[in-house]
Amino acid sequence: MEYNFREIEQKWQQQWKDSNAYKVSNESPKPKYYVLDMFPYPSGAGLHVGHPLGYIASDIYSRYKRLKGFNVLHPMGFDSFGLPAEQYALETGQHPAVTTEKNIETFKAQLDKIGFCYDWSREVRTSDPSYYKWTQKIFLDLFNSYFCHIQQKARPIADLIEKYKTQGNKNFTAAQWNAYSKAEQEAILMNRRLAFSSFGEVNWCEALGTVLANDEVVNGVSERGGHPVVKKKMRQWYLRITAYADRLLQGLETVQFSEPMKEMQRNWIGRSEGAEMQFAVGSGQLAINVYTTRPDTIFGVDFLVLAPEHTLVNQITTDSEKEKIEEYLTYVKSRSDRERMSEVKQITGCFTGAYATNPFNGKPIPVWIAEYVLAGYGTGAIMAVPCGDQRDFAFAKHFSIPITNIIGEHYNGEDANPTKEATLQNSDFLNGMLMKDAIAVAINKIEELGIGKRKVNYRMRDAGFSRQRYWGEPFPIVWQDETAIALAETDLPLELPYAEKYGPGPEGEGPLANMTDWVNFTPNPSPKERELQEPSEDKSEDLQTWGYMNSSYEEWRKTFEFAKQNRKNLTEAEDKIWQLVRNRNINDNKFRRQHPIAGFIPDFVCLERKLIVEIDGGYHDNEEQIVYDKARENWLKEFGFDIIRFTNEQVLNDINYVKKTIAERLEELAENAKSAQAPLPRRGGGEVSLRRETSTMPGYAGSSWYFLRYMDPTNTETFCVRKASDYWNQVDVYVGGTEHAVGHLLYSRMWTKVLYDLGYIGFEEPFKKLVNQGMIQGSSRFVYKLAWNLLVGDDVDSKKLINIFISKNFADKVNDGDLEAIKFLKEKAKEVLVKMNLSMDIFEISLYKTRVDVNFVNGNELDINQFREWRNNENYSAEFIYESDSKFLCEAEVEKMSKSKYNTVNPDELCNKYGADTFRMYEMFLGPVEQSKPWDTKGIEGVHRFLKKLWRLFFADISAVPSPVERGRGEAKWVDEKPTDAEYKILHKTIKKIEQDTENFSYNTAVAAFMISVNELADAKCYKKEILSAVLILLSPYAPHIAEELWHALGNEGSILDATYPTLEEKYLVEATKEYPVSINGKMRSAINLPTEATEEEAKQAVLSNEVILKWLEGKELKKFIFVKGRMINVVI
RNA sequence: GCCCCGGUGGUGAAAUUGGUAGACACGCAGGACUUAAAAUCCUGUUUACAGCAAUGUAAGUAACGGUUCAACUCCGUUCCGGGGCACCA
């Protein structure tokens, strides 16, 4: 029997699928374990070998934990909103929803091929309305919350409003607050909301009419097209992540992230302590507020620098400098933040003509602007101390600004010295103090003088949360002039409207702005909006305002609350009716669902025909409900509404009857004069102009909370029921790349903290442990093609490629100017010339480097035949110049893996060729999970050989059996005998190593351990069932298919997925002796065998009687004898 | 520029975290089986020098310097590669 991996893998994948082997329950007596991968963006290029690296690692861990007796949650989903799909839509006109769906199908098929143990019933897709409904809902929670500085947590904004109403705050009294207009109040509240709107700068490209990402801007122009890009202020949404800065820092102490990862987050948050202080400018009406972490250097301030965007720039610039400043501002506008910070060689800046005054010694200080000061950090203004700060120093030198030395000999005039250890000089009251001690003294003085205060500052800025794009979550926000109004939760999901065109909207708005029907929206007067509007004393106005209400506000409120309490989520029957009537399905009559009328919320209503359709759920049997229903019916009838009631059973059993009834009644009503149209909800453009928010949420919105949705993926009442999140709790192991170190990980940590504060979940950190997988880079291959310049008459023709390819080493010679090689190629080229019947001469030959598909290359050797056939036989008739050993070699370079570089390797092909088990183990064998490395397929044979060798422990190798008769029988090799101690030792050594390595995610060494183990078992000719079964269990997380197959071949019951992990028994591993390496002066010279329990004295005696050592000791004196028990011996002479 | 990571044979890498540098593989070379190929198995494989050989000596973990009985591992400086730097995901 042969190792037929294709058959085996297909069989078990099907079987696992059919038996729901990977389905996980939220209820189990076992302890829980949550293993999560960072979900992929389903790109059009499909899965490449880089994706599975982390997935395989987490899959192995999940399977391992399952064997160890845990109830393991291991889900997968798709981060399916994003720019590439939109870009693709722009180019091809295909709707992102369509391409995304297609890509996801491809991804899933590819993932399944590798045999992952995902519970697909829990799949999430961020672009699915049933998912982003909850992203929007959480956004509303953020919008409706503020950060309470006293409790250091998020609280409902209603609490703050209540406080303002009754107590006011330090800026206004309660009476003042209450007198503010709605818009004024909202503007104030906006300063506290966790999701808030404000103006911010974006990269604006006029020519493309769109906003660009930083990496789409290169040297001040757009990457595509090279059009100029400038900064533009736009209304943007933000998340107030800075409010959580301290808690995000503290939280790092409670999680198991790698130290560098924590360091990166700390640096990103960039907490610093210092002081903010004012420098009066000119005659003293204006003051520049600077932030500094080094107030001790205040007497070394030689100039101030403002960010070019600083609001004071215009006001302080003197007339004589106006022109230069304007010029400089134009220049800066074209520069990205990154460029501004990175180019250190190029020092730019401009003097404003203004002078500020040093508040301590009255010294006038010139005020400059320069691009190296960023508006977004601190106050956007710095005090420059050239003797202590390198950038200030370079600036001072460049513009010949005199430098004050306050640190004496610590400053050498050549470089700045940022020390805190120097003793201050030229520093008035700080003279003689150590700088680090002077910091506090200076701050105290600043506060005492009232010119500033102690201040904690963060480098981190509030997170920009809007994108001028189409393919993202729409904001559940409408604008009434400058006031943002949140939609009601009942209006969610606010679905992304279908787009025909994806181009940018006017004024840099997103594509949604082009959909005027959608943008100028009809306010379904939601209860939420009603709540926002205070009722007036004048009841007649109420009538107008509320449209359908003729009772008092209080009465409306009461009935509304009751209705709200009784409102249920869509039942099956309701859904059936909704599908029946929606979209003007019945004779073009528009129905609305749960549209409030006079405080009541009927199930379905057609306002144009004044027809209400109700379903009687079980709760209608309730006595109180019956009374309520009656009252409601009477009331609504008074308004001229007609009501049809169906029972649940009617709807579920006879939908045709329901349809017929509704259709008939509608027809009757159409003829009936009395059923004049009910007032429709107000439209925009009238008295109240409402406009939807047209930007969408960024990619990280959906990914900030997806780990919660997996716990309770189909819940329609809430994003994740508390019971589920309490059970699964934190993600125990989160696997993903370092490229998300600061973005995604910080955002999801913040969201988790907010949800915790608001009481939705019971834990504050989403990820208990983080494992970083390295990046698999592409290893691109290049070939050299010959090119010539011909002489046409006396002129040199332009360079043309000819169909001759040159192997790498030969090409290197040519490039190094090897005359022989060049001559050889010239001859070759002449032959071609002759063949082409050209009478011209060759002026010059050269080599042209071009990409080849890495899949045609084994190591560096090109498969000529595949290459010839590539791209429609493009190189079919090409000639090849080989190496001396008749191989054709390619040049290699490491780059990012990408389709356009022809360096992607598709896992499907490898799975087809070698099987998923081989592929899984090979990816792990490649190196440590967390290490980045270029992909290389060439070692995969070795792993495949290992699995075949494993197979031969179970079945005889038929190729070794000469006669067909013998092949037919006796293939199985295993025996049911008691293993020897030596065999147990092999097993338990393996158990120990595999368990350790699996726990530590050291999978490359685990694979090596399996190889060693199988080699040893083969050498020992051990075919004992007991040993083999245990090895299979150990192996099953790594190579599940072959393990399951052989597990059953051995006759074991049940799936190996649920087998019991073998227990390590140390007794088999005990050694009687240990071979100690003996070094002399740290260099290994010999080895001696000692009993494991040997003491230092015994060791010394043994060493001193060792021949080799004695030879080394000859004539020398033993200075020291070092004995590390169980490790080594070192003799110092 | 700033923050983080990495650099070990021809190649991917290993090294119990300061204790025998190169496990396990790939590749290569030689051999066995075979008419042959594939498959499989065996032997060798850091470099230099010496030796028929077992082996020995020296050097060696990007470069230089330091700490230590002992450094791939810790510290300092430099070089090179990768990731991130807020609208790629």
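At whole-Å resolution of the value, OH in A:Y922 and P in B:A25 are 14 Å apart.
Between A:R1085 and B:A58 there is a side-chain N or O to OP1 or OP2 distance below 4.0 Å. When the side-chain nitrogen and oxygen atoms of A:N772 are compared with OP1 and OP2 of B:C4, none of them lie within a distance under 4.0 Å.
For A:M460, whose side chain is taken as the heavy atoms from C-beta onward, the closest listed nucleotide among B:C3, B:C69, B:A86 is B:A86. When each of B:C88, B:A86, B:U40 is scored by its nearest atom to the side-chain atoms of A:A213, the top-ranked nucleotide is B:C88. Between B:C87, B:C4, B:A25, one nucleotide has an atom nearer to the side chain of A:M1011 than all others, and that is B:A25. When distances are taken from the side chain of A:P84 to each of B:C85, B:G12, B:A89, the shortest belongs to B:A89.
Taking for each of A:N267 and A:P928 the nucleotide of RNA chain B with the nearest heavy atom, the 5'-most of the two is the partner of A:N267.
At a threshold of 4.0 angstrom between heavy atoms, the contacts of A:V742 are confined to the sugar-phosphate backbone, with no base atom among them. Within 4.0 Å of A:E930, counting heavy atoms only, lies no atom of the nucleic acid at all.
Counting atom types as modelled, A:Q468 pairs a side-chain N or O with a base atom of B:C87 as donor and acceptor under 3.5 Å.
A salt bridge is absent between A:R467 and A:E473: the closest approach of a Lys/Arg side-chain nitrogen to an acidic carboxylate oxygen does not fall below 4.0 angstrom. Using a cut-off of 4.0 Å between Lys/Arg side-chain N and Asp/Glu carboxylate O, A:K989 and A:E1016 are scored as salt-bridged.
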Does the protein touch nucleotides 17-23 of chain B at the base, only the backbone, or not at all? Give it as B, S and - per nucleotide, heavy atoms under 4.0 Å. S-BBS-B
Please, what dot-bracket string fits RNA chain B when only Watson-Crick and G-U pairs with both distances under 3.5 Å count, crossing ones use [ ] and pairs to another strand use |? (((((((..(((......[....)))((((((.......))))))(((((....)))))..(((((..]....))))))))))))....
